[in-house]
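Here is how names work: the chains are called A, B, and so on, in the same order as the sequence lines, proteins then strands, and each is numbered from 1.
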There are 2 protein chains.
Amino acid sequence: MLDAAIAVLGRQAEASIEDIAVAAGVVRQTVYAHFPSRKALLGAMIDYLTAEVASTLDALDLKTPPADEALRRWLSASWSIIERYPVLLSPVIADAAPPGDEYDRHRPVTAQLMELVRRGRRTGVFEARHPEAWIVTAVIALGHAAGQQLTAGQMSPNEAGAAYRDSVLRLVLRQPAAEDGSSTKTTSSGAQ
Amino acid sequence: MLDAAIAVLGRQAEASIEDIAVAAGVVRQTVYAHFPSRKALLGAMIDYLTAEVASTLDALDLKTPPADEALRRWLSASWSIIERYPVLLSPVIADAAPPGDEYDRHRPVTAQLMELVRRGRRTGVFEARHPEAWIVTAVIALGHAAGQQLTAGQMSPNEAGAAYRDSVLRLVLRQPAAEDGSSTKTTSSGAQ
DNA sequence: CTTAACTTGGACACGCCTGTCTAAGATAGC
DNA sequence: GCTATCTTAGACAGGCGTGTCCAAGTTAAG
């Protein structure tokens, strides 16, 4: 049922309870039997996703390796999360917490990323010409861009992931980073 | 009246006709006296913005200078446009053309940018490891990020603009680009 | 002053979504 | 077989936005 919400809202941010219900194979009233209101449903979904994402990211050990290596790990993990849960890029998530929270509502993601960025700057591995908040925002924005290219069918999952990772590294790392030629063949215009 | 729509929709993408009307200092029915429907209003607004943006960008001469210099000009111009018309970053614009148009609906902007990117790659000045569409999307995404930081009050206009420009250059240019220390004082965390 | 153009307030139909209620059906466990 | 639980169908109220109609008011121009 939450799965249905995650799937539907990933495609249609303004989906109604009805839409979610049919996707779950039940009828609207049944949804209300489990969640008293739309807000409650969204809240439960976000809690679920938060736990899921947090557990993935917590298993990463970002504090031991040098910041650039940690960033690479983080990028791999965050990209696979984005692939699995497109809804995370949807305004549904951001709209869930209107009060002036953090600059962004991807709390479980941004918290660790922020920490990592701070460390990378302290150790001189990351660029430090702009506010930390900017780096975090830019990384997320590139995640959005890649996810969008993916759902629009403009790029394959591998292409989008590679573009995302490379671009973030170019943006964040102090030195050119030797441009690791990852697993994907980057034919310069072979989109879908 | 269109100005009111531009202003209101820039802050509230899902604003109603009522909202736009009061912002324009009139009453809802008066809006309908000028535009037969919501779609017509949005259409007129988009046409107006398109013309405005196109005229700004056409006055730029992006084809004469080397691609990197042209990109810098384009960034300056596009940033001032973003500052002037935050609504351009709103989903209102993208939602206006659902049919499988271009990868994006910022047509007047993307067309020239795409052209520029192509040239930069041909002349070896720009990175070419990923599809052209990715570069365009990423640039727009960074524009969104900067605009969002701005409207969220996280960064000053100068900070956001500098971050936007620098980040795009880092992303697109083949060589480090000597990091021009532009007009803005980039104190590394002096937001607001 | 009188007319034409524009604006206003009131009212209403329609559609869509949310949230609630109730009676009837299905299902599993005791 | 009977009962507790879940699901379903139908219906309904209330809210909100869109779009339409119309009568009365305002304003500027002839």
Side-chain angles (χ1 to χ4, degrees), chain A residues 1-51 85-101 105 151, chain B residues 1-51 85-101 105 151:
Chain A
M1 172 137 253
L2 284 179
D3 292 342
I6 291 171
V8 171
L9 292 172
R11 292 190 297 271
Q12 265 257 330
E14 57 284 321
S16 67
I17 301 276
E18 177 77 34
D19 297 328
I20 296 169
V22 306
V26 293
V27 100
R28 206 173 92 263
Q29 291 91 324
T30 309
V31 175
Y32 282 104
H34 292 271
F35 305 96
S37 72
R38 181 188 182 83
K39 245 184 85 178
L41 206 190
L42 273 325
M45 184 189 75
I46 289 174
D47 287 350
Y48 172 80
L49 289 172
T50 299
Y85 303 118
V87 70
L88 287 172
L89 300 177
S90 143
V92 179
I93 306 293
D95 292 353
D101 240 342
R105 277 77 197 172
T151 62
Chain B
M1 174 138 251
L2 284 179
D3 293 342
I6 291 170
V8 172
L9 291 172
R11 292 191 297 271
Q12 264 259 329
E14 58 284 320
S16 67
I17 301 276
E18 177 77 34
D19 297 329
I20 295 169
V22 305
V26 294
V27 98
R28 209 173 89 264
Q29 291 91 324
T30 309
V31 176
Y32 282 104
H34 291 272
F35 305 95
S37 72
R38 183 190 181 81
K39 245 186 84 177
L41 206 189
L42 273 325
M45 184 189 77
I46 289 175
D47 287 351
Y48 172 80
L49 289 171
T50 300
Y85 303 118
V87 69
L88 287 171
L89 299 177
S90 142
V92 180
I93 307 291
D95 292 352
D101 240 341
R105 277 78 198 173
T151 62

Euclidean distance, atom [atom1] of residue [X] to atom [atom2] of [N] [Å, nearest integer]:
X       : N      : atom1 : atom2 : value
B:Glu14 : C:dC17 : CD    : C1'   : 16 Å
B:Ile17 : C:dC14 : CD1   : P     : 21 Å
B:Phe35 : D:dT20 : CZ    : C1'   : 18 Å
B:Tyr32 : C:dG10 : OH    : P     : 18 Å

Query raised in the report: Any N or O donor-acceptor pair linking the side chain of B:Arg28 to the base of D:dG19 at under 3.5 Å?
Result: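 Yes.
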Requested in this report: Please state whether the base of D:dG10 and the side chain of A:Gln29 form at least one donor-acceptor pair under 3.5 Å?
Outcome: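 Donor-acceptor pair under 3.5 Å: yes.
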Report task. State whether A:Thr30 places a side-chain N or O below 4.0 Å from either non-bridging phosphate oxygen (OP1 or OP2) of D:dT7. Result -> no
Query raised in the report: Can you tell me if the side-chain N/O atoms of B:His34 get under 4.0 Å from OP1 or OP2 in C:dT7?
Result: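 Looking at the OP1 and OP2 atoms of C:dT7, one of them is under 4.0 Å from a side-chain N or O of B:His34.
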Query raised in the report: Do A:Asp47 and A:Thr50 have a side chain donor and acceptor closer than 3.5 Å?
Result: no
Requested in this report: With DNA chain D as reference, determine whether B:Arg38 or A:Val26 sits nearer its 5' end, using the nearest nucleotide of each.
Outcome: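 Here A:Val26 is the residue nearer the 5' end.
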Query raised in the report: Which atom pair, heavy atoms only, marks the closest approach of A:Ile93 to A:Val87?
Result: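 Heavy atoms only, the tightest pair is CG1-O, 3.3 Å.
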Report summary line: dist B:His34:NE2 -> B:Leu41:CG (nearest 0.5 Å) comes out at 10.5 Å
**Report entry** B:Thr151 side, atom OG1; B:Leu89 side, atom CG - distance, nearest 0.5 Å
**Finding:**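 Atom-to-atom, B:Thr151:OG1 and B:Leu89:CG are 8.5 Å apart.
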